[in-house]
Trainee: 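The structure is given below, and queries will be raised subsequently.
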Number of protein chains: 2
Amino acid sequence: MNRPTSADGAVREVRVREARVREPLDRRRILTAAIQLIDEDGLRRLTMRRLGAHLGVEAMALYHHVPGREDLLDGVVESVVDELYDDPEVYLEATDWQEYLQRLSHGLRRIALKHPKVFPLLATRPPAAPWLHPPLRSLRWTESFLTTLRACGFDDRAAVAAYRAFSSFLLGHLLLEVAGLDAQITPLDEPDETATPAGTDLSEYPVIDRLSGALAEDRSAEEFEDALEQLLDRLQLLSEDAAERDHHAGQGR
Amino acid sequence: MNRPTSADGAVREVRVREARVREPLDRRRILTAAIQLIDEDGLRRLTMRRLGAHLGVEAMALYHHVPGREDLLDGVVESVVDELYDDPEVYLEATDWQEYLQRLSHGLRRIALKHPKVFPLLATRPPAAPWLHPPLRSLRWTESFLTTLRACGFDDRAAVAAYRAFSSFLLGHLLLEVAGLDAQITPLDEPDETATPAGTDLSEYPVIDRLSGALAEDRSAEEFEDALEQLLDRLQLLSEDAAERDHHAGQGR
DNA sequence: ACCTGAACACCGTTCAAGT
DNA sequence: ACCTGAACACCGTTCAAGT
């Protein structure tokens with residue numbers, strides 16, 4: 001009965017193993033858990049206390065790794081945008097700026113559809129700087145965007161205009177699309193009587209009534225493609241304007 | 001000392017006058033106060049208790065007129081959209097659908113700029129029905145939109161496509177614009193050293209650094225006009241497609 | 001009829017204390 | 001070094017009680 005060291009060793013080993021199972025709780029692990037909780041239950045239910053419980057820890061432990069809830073949400077936004085870096089489709093070599101923007105757009109759309117309950121956060125959090133537009137809001141991607149377009153015949157003015165047009169395109173289309181996902185869930189259990197969501201009487205709105213089927217139809221994917229094509233056409237014009245400005249500047253010299 | 005009836009009358013009169021000063025608290029008065037509080041302090045600080053205090057009443061009194069905070073926010077959204085009805089510019093008779101959409105767009109832009117802290121709510125609250133798209137989200141305006149376009153040569157399909165395109169245009173441009181207003185307020189007091197918001201080192205992002213002035217410049221008004229013109233051109237094409245479909249249908253008969 | 005007091009369950013956050 | 005207990009100020013909401 002005198003193998004105290006051996007017993008101690010066993011206890012310590014169990015502790016170490018436990019520590020490996022619920023790892024030492026850093027910022028990245030907290031952010032990952034936060035994103036998962038929002039995906040599952042929505043932003044409203046993401047609570048410091050619930051998040052702590054989900055990580056097997058008291059809420060107060062989180063404050064050793066994250067300054068507070070607001071900063072946590074900023075971190076969530078940053079993490080989700082950073083998923084673009086792990087998307088191999090986005091990183092394929094592009095032969096022109098059109099292809100570059102197509103890959104970037106589709107990458108961000110995949111993110112929006114993967115995290116529909118997080119996306120409104122990308123859309124509406126106050127930007128850290130006036131030159132970081134939602135929903136991209138990343139210094140690295142903004143730099144990449146501007147550099148690429150500058151290298152493809154856009155002058156400064158055209159590149160900046162393109163950045164704003166691109167941002168508002170993504171914002172409008174993706175937010176409308178994820179809003180549509182939220183709307184599908186009818187608040188009452190009543191399992192669709194002509195999919196009329198509980199208590200809406202359309203008799204005063206004959207045109208909506210007649211078109212409600214067409215309006216509820218989800219053509220998001222095609223509409224996204226169409227609108228993206230049209231955006232690229234508009235940007236093409238911007239770059240041609242830039243070329244013309246360059247031409248005149250050359251003549252003026 | 002025996003004019004009890006008279007004294008009673010005086011007391012009652014005072015009560016009535018008080019009641020007129022802080023009126024009897026109905027839903028409309030609560031919503032107006034809520035909008036005012038959001039405009040001034042932001043959504044985060046709109047609290048049932050603060051709202052009650054602002055109206056000279058305990059928080060619990062609000063629950064006699066409003067089912068709860070979520071419903072209150074829905075009411076705020078509805079009220080703000082309803083301000084379109086009080087905008088004389090929107091109600092001027094339009095000679096064609098282009099002018100109708102211009103008035104409607106500018107009306108909604110005025111609302112967004114008047115209530116920049118409320119607008120994200122119009123953009124992101126889950127719609128009540130799948131055919132109500134943000135940011136318009138009003139049965140009456142959606143009906144009006146569809147009716148007008150149907151009367152101007154758009155068939156059902158074109159009108160529905162136009163409604164979605166119009167919604168995502170407004171959503172993208174106006175949300176980007178109000179996000180820009182939020183971004184201007186630098187979190188630190190430091191009164192602009194090249195307007196670099198506190199702690200952002202742009203040395204690794206040379207293109208952003210060079211273009212930061214141009215990026216921060218606010219050309220929202222012109223960009224809104226340009227993008228609106230381009231949207232109207234695209235919708236014109238939709239209506240021409242509709243006319244062609246109609247023509248073929250006539251031939252097929 | 002309309003509002004209030006008191007209470008409940010739950011927030012975010014601080015800080016001294018534990019191991 | 002990392003986490004916890006207890007506490008503080010503040011939420012939304014319910015309900016019996018006041019006038």
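Within every chain, numbering begins at 1; the chains are lettered A, B, ... in the order of the sequence lines, protein sequences first and strands thereafter. Only a predicted model underlies this, so the values are computations on that prediction, with no experimental measurement involved.
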Trainee: Output every pair passing ring-ring contact (aromatic ring centres under 6.0 Å, His included) with a member in residues 53-85 of chain B, not counting sequence neighbours, ordered by first then second residue.
Mentor: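 Every ring-ring contact (aromatic ring centres under 6.0 Å, His included) pair that includes a residue of residues 53-85 of chain B, provided the two are not neighbours, is Tyr85(B)-Trp141(B).
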Trainee: Under 6.0 Å from the CZ atom of Arg219(B), do we count more than 12 heavy atoms belonging to anything else shown?
Mentor: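 Open: at most 12 neighbouring heavy atoms sit under 6.0 Å from CZ of Arg219(B).
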Trainee: Does the side chain of His65(A) get closer than 4.0 angstrom to OP1 or OP2 of dC2(D) through an N or O atom?
Mentor: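 Checking His65(A) against dC2(D): no side-chain N or O falls below 4.0 Å of OP1 or OP2.
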Trainee: For the side chain of His64(B) and the base of dC3(C), is some donor closer than 3.5 Å to an acceptor across the two?
Mentor: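 Such a pair is found, so the answer is yes.
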Trainee: Check the angle between the aromatic planes of His133(A) and Tyr163(A) and answer parallel, tilted or perpendicular using the 30° and 60° thresholds.
Mentor: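 Judged by the thresholds at 30° and 60°, the geometry between His133(A) and Tyr163(A) is parallel.
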Trainee: Rounding to a whole Å, what distance do you find between Arg27(B):CZ and dC2(C):P?
Mentor: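 After rounding, the gap between these two atoms is 16 Å.
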Trainee: With sequence neighbours left out, which residue pairs that include part of residues 54-77 of chain A fulfil the salt bridge (Lys or Arg N to Asp or Glu O under 4.0 Å) condition?
Mentor: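 Output for this query lists Arg27(A)-Asp71(A), Glu70(A)-Arg125(A), Glu70(A)-Arg44(B), Asp74(A)-Arg125(A).
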Trainee: Take N1-N3 plus N6-O4 or O6-N4 for Watson-Crick, N1-O2 plus O6-N3 for G-U, both under 3.5 Å. Which runs of 3 or more such pairs involve DNA chain D?
Mentor: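 Stem list for DNA chain D: C:4-8 with D:12-16, C:12-16 with D:4-8.
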Trainee: Search all heavy atoms of Ala221(A) against all heavy atoms of Arg109(A) and return the closest pair with its distance.
Mentor: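 Result for this residue pair: CA-NH2, 3.6 Å.
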Trainee: Do you know the tightest heavy-atom contact between Leu175(B) and Pro120(B)?
Mentor: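 Heavy-atom minimum between the residues: CD1-CA, 4.2 Å.
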Trainee: Residues two or more places apart in sequence or in another chain: which of them pass salt bridge (Lys or Arg N to Asp or Glu O under 4.0 Å) with Glu83(A)?
Mentor: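 Per chain and number, Glu83(A) pairs via salt bridge (Lys or Arg N to Asp or Glu O under 4.0 Å) with Lys114(A).
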Trainee: Which atom pairs link the protein and nucleotides 7-13 of chain D when you take only N or O atoms and keep those under 3.5 Å?
Mentor:
| unit_1 | atom_1 | unit_2 | atom_2 | d |
| --- | --- | --- | --- | --- |
| dC11(D) | O5' | Thr47(B) | OG1 | 3.2 |
| dG12(D) | OP1 | Met48(B) | N | 3.1 |
| dG12(D) | OP1 | Arg69(B) | NE | 3.4 |
| dG12(D) | OP2 | Met48(B) | N | 3.0 |
| dG12(D) | N7 | Arg49(B) | NH1 | 2.3 |
| dG12(D) | O6 | Arg49(B) | NH1 | 3.4 |
| dG12(D) | O6 | Arg49(B) | NH2 | 3.2 |
| dT13(D) | OP2 | Tyr63(B) | OH | 2.9 |
| dT13(D) | OP2 | Arg69(B) | N | 2.9 |
| dT13(D) | O5' | Tyr63(B) | OH | 3.4 |

Trainee: Restricting to salt bridge (Lys or Arg N to Asp or Glu O under 4.0 Å), what partner residues turn up for Glu40(A), sequence neighbours left out?
Mentor: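 Checked Glu40(A) against salt bridge (Lys or Arg N to Asp or Glu O under 4.0 Å); zero matches.
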Trainee: Whole-Å distance between dT19(C) C1' and Glu58(A) CD?
Mentor: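 Roughly 15 Å, once rounded to whole Å.
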